[in-house]
Undergrad: 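Let me give you the structure first, and then I'll get to my questions.
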Amino acid sequence: MHPFIVFSLLAIIVLHVSVQSAGKPSEQSIERSFVSLLTVSNGLQWGSWGQREFCPTGTYATGFSLMVEDPVFWDNTALNGIRLYCASRTKDLSDLNKEISVQSDVGSWGKWKDIKWCPSGFLTAFQLRVQSIQRIEDNTAANNIRFNCSGGSVLQGDGTDWGDWGDWSITCLGRGICGIKTRIEEPQGFEGDDTALNDVRMFCCD
């Protein structure tokens, strides 16, 4: 067969596979019915919303960890990602490594910090620490997060202390938080001001 014909057939096959794959959620993505949406009013607007991600059916967030860039000389991004750890009930401490984790989009900098666990119950509300827009100085947007547990505890993440805590979200309808969606600004290049995570929404399920 003529090489040009072979090349054309291969191009058609690749294009066909690409079209079939476009728009499909990843195999890890789980869709789930939720009963309430938790938001806060102090998130910033840079970047775009990622895909919402849910705990498996019958499980809820019992803990979380943060991806944080430690302070650097210039162009800090602070909070880059939030990961939820899901279970059907509160686990014994000896069994925590078996938890299932989910996350939406994350930024490009930092490392994952230690997991914070509810002593009992599930995550039910959150509060975001955000630095307001800096006209001249370095912008960092969201810097830290706190959660309420249904058992009465308050958990604070290992983010930075820049900015201020905003108002708490409403408390979950249903048993607890079961999903997450984050707003992330893509890298801005050498001359840009990176902020990474700007805002987050949480979903609650029965």
Side-chain angles (χ1 to χ4, degrees), residues 23-68 78-90 99-107 115-118 120-133 141-157 159 163-186 195-206:
K24 291 185 178 180
S26 67
E27 292 182 1
Q28 299 297 321
S29 180
I30 299 169
E31 277 298 319
R32 184 173 173 184
S33 297
F34 58 93
V35 295
S36 60
L37 172 65
L38 308 186
T39 63
V40 290
S41 60
N42 62 330
L44 296 186
Q45 304 299 312
W46 292 307
S48 57
W49 288 101
Q51 181 170 298
R52 62 190 187 190
E53 297 289 342
F54 289 95
C55 295
T57 300
T59 67
Y60 311 86
T62 60
F64 73 99
S65 63
L66 302 182
M67 184 177 175
V68 179
L79 184 56
N80 273 248
I82 303 169
R83 181 179 288 165
L84 302 179
Y85 290 82
C86 313
S88 57
R89 58 184 176 81
T90 302
E99 299 293 338
I100 298 168
S101 65
V102 295
Q103 65 194 50
S104 182
D105 288 2
V106 300
I115 305 171
K116 310 291 185 180
W117 299 101
C118 287
S120 62
F122 307 111
L123 305 179
T124 57
F126 76 97
Q127 184 185 29
L128 202 59
R129 184 167 196 152
V130 178
Q131 182 189 48
S132 60
I133 296 175
N143 289 277
N144 207 352
I145 195 168
R146 288 174 179 154
F147 285 95
N148 277 338
C149 299
S150 55
S153 299
V154 177
L155 305 179
Q156 180 168 315
D164 299 297
W165 292 104
D167 294 333
W168 282 91
S169 70
I170 63 172
T171 299
C172 273
L173 300 177
R175 295 191 67 186
I177 290 174
C178 62
I180 183 171
K181 182 177 184 178
T182 50
R183 184 170 194 148
I184 302 291
E185 182 186 46
E186 295 295 324
T195 62
L197 198 148
N198 273 245
D199 202 356
V200 60
R201 296 173 179 170
M202 302 286 174
F203 303 90
C204 301
C205 299
D206 279 331

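Small disclaimer: the values here were computed from a predicted structure and weren't measured.
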Undergrad: Hey, does Ile180 have a side-chain heavy atom less than 4.5 Å from the side chain of Phe64?
TA: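 In short, these two side chains do not touch, never coming nearer than 4.5 Å.
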
Undergrad: Please check this pair: side chain of Ser169 against backbone of Phe126, looking for a donor-acceptor N/O pair closer than 3.5 Å.
TA: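 It does hold such a pair.
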
Undergrad: Could you check whether any side-chain N or O of Arg32 sits under 3.5 Å from a backbone N or O of Pro56, counting only pairs where one atom can act as donor and the other as acceptor?
TA: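 At least one qualifying donor-acceptor pair exists.
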
Undergrad: Go through the steps to decide whether Gln45 and Arg183 satisfy the test side chain to side chain contact (heavy atoms under 4.5 Å, CB included), and finish with yes or no.
TA: CA-CA 8 Å; Gln45 304 299 312; Arg183 184 170 194 148; 3.2 Å; yes

Undergrad: If we ignore hydrogens and angles and just use 3.5 Å, is the side chain of Gln127 paired with the main-chain N or O of Gly166 as donor and acceptor?
TA: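 Looks like yes, one N/O pair under 3.5 Å.
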
Undergrad: Step by step, would you call Asp199 with Val40 a side chain to side chain contact (heavy atoms under 4.5 Å, CB included)?
TA: CA-CA 8 Å; Asp199 202 356; Val40 290; 4.1 Å; yes

Undergrad: Taking atom CE of Met67 and atom CD1 of Ile82, what is their separation to the nearest 0.5 Å?
TA: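 With rounding to 0.5 Å, CE (Met67) is 12.5 Å from CD1 (Ile82).
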
Undergrad: Determine whether Cys204 and Phe34 make a side-chain contact, defined as any pair of heavy atoms from C-beta on separated by less than 4.5 Å.
TA: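 A side-chain contact under 4.5 Å is absent here.
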
Undergrad: Can you tell me how far apart CD1 (Ile184) and CH2 (Trp46) are? Round to the nearest 0.5 Å.
TA: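 Going from the CD1 atom of Ile184 to the CH2 atom of Trp46 covers 13.5 Å.
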
Undergrad: Of all heavy-atom pairs between Ser33 and Cys205, which one has the smallest distance, and what is that distance?
TA: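 The answer is O-SG, 3.3 Å.
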
Undergrad: Between Cys149 and Cys118, does the SG-SG distance stay under 2.5 Å?
TA: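 A disulfide, yes.
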
Undergrad: Rounded to the nearest 0.5 Å, how far apart are OG1 of Thr59 and CZ of Arg175?
TA: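 Spacing of OG1 (Thr59) from CZ (Arg175) equals 10.0 Å.
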
Undergrad: Say you draw a straight line from CG of Leu128 to OG1 of Thr39; how long is it, rounded to the nearest 0.5 Å?
TA: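 Here the interatomic distance stands at 11.0 Å.
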
Undergrad: Is there a donor-acceptor pair under 3.5 Å between the side chain of Glu185 and the backbone N or O of Thr195?
TA: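 At least one qualifying donor-acceptor pair exists.
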
Undergrad: Check whether any side-chain heavy atom of Leu123 sits under 4.5 Å from a side-chain heavy atom of Lys116, and report yes or no.
TA: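 Side-chain contact under 4.5 Å: no.
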
Undergrad: Do you know the tightest heavy-atom contact between Leu37 and Ile170?
TA: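 Minimum heavy-atom contact is O-CD1, 4.1 Å.
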
Undergrad: Ignoring hydrogens and angles, tell me if any N or O in the side chain of Ser101 forms a donor-acceptor pair with the backbone of Arg83 under 3.5 Å.
TA: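 No; judged by distance alone, with no hydrogens or angles, the pair does not exist.
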
Undergrad: Within the distance-only criterion (no hydrogens, no angle test), does the side chain of Ser36 pair as donor or acceptor with the backbone N or O of Cys172 below 3.5 angstrom?
TA: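 Checking the backbone N and O of Cys172 against the side chain of Ser36, no donor-acceptor pair under 3.5 Å is found.
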
Undergrad: Would the SG atoms of Cys55 and Cys178 measure under 2.5 Å apart?
TA: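 Cysteines Cys55 and Cys178 do not qualify as a disulfide pair, their SG atoms being 2.5 Å or more apart.
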
Undergrad: Determine whether a donor-acceptor pair (N or O, by modelled atom type, separation under 3.5 Å) exists between the side chain of Thr182 and the backbone of Asp105.
TA: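 At least one qualifying donor-acceptor pair exists.
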
Undergrad: Does any non-hydrogen side-chain atom of Asn144 lie less than 4.5 Å from one of Val68?
TA: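 No, too far: nothing below the 4.5 Å cut-off.
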
Undergrad: Could you grab the distance from atom CG of Asn143 to atom CH2 of Trp165, nearest 0.5 Å is fine?
TA: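 It comes to 9.0 Å.
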
Undergrad: Measure across Gln103 and Glu53 and return the closest heavy-atom pair with its distance rounded to 0.1 Å.
TA: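 Closest approach of Gln103 to Glu53, heavy atoms only: O-CG, 3.1 Å.
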
Undergrad: Taking Thr62 for its side chain and Cys86 for its backbone only, find out whether a donor-acceptor pair lies under 3.5 Å.
TA: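 Checked: no pair found.
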
Undergrad: Which is it for Met202 and Ile145 under the side chain to side chain contact (heavy atoms under 4.5 Å, CB included) test, yes or no, and what are the steps along the way?
TA: CA-CA 12 Å; Met202 302 286 174; Ile145 195 168; 4.1 Å; yes

Undergrad: Passes side chain to side chain contact (heavy atoms under 4.5 Å, CB included), Val154 versus Trp168? Steps please.
TA: CA-CA 12 Å; Val154 177; Trp168 282 91; 4.2 Å; yes

Undergrad: Are any non-hydrogen side-chain atoms of Asn80 and Leu197 less than 4.5 angstrom apart?
TA: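 Not touching, per the 4.5 Å side-chain cut-off.
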
Undergrad: Could you tell me which non-hydrogen atom of Ser150 sits nearest to which non-hydrogen atom of Gly121, and how far apart they are?
TA: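 Where Ser150 meets Gly121 most closely, the heavy atoms are OG-CA, 3.1 Å.
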
Undergrad: May I ask you to decide if the ring planes of Phe203 and Phe54 are parallel, tilted or perpendicular, using 30° and 60° as cut-offs?
TA: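 Tilted, since the angle between the ring planes falls between 30° and 60°.
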
Undergrad: Applying the side-chain contact (heavy atoms from CB on, under 4.5 Å) test to Leu38, which of Leu173, Val200, Ile177 qualifies?
TA: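 The option that passes is Ile177.
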
Undergrad: What's the shortest heavy-atom distance between Val130 and Leu44, and which atoms?
TA: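 Scanning both residues, the minimum pair turns out to be CG1-CG, 3.9 Å.
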
Undergrad: How long is the span from the CH2 atom in Trp117 to the CG atom in Leu155, to the nearest 0.5 Å?
TA: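 If we round to the nearest 0.5 Å, Trp117:CH2 and Leu155:CG are 11.0 Å apart.
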
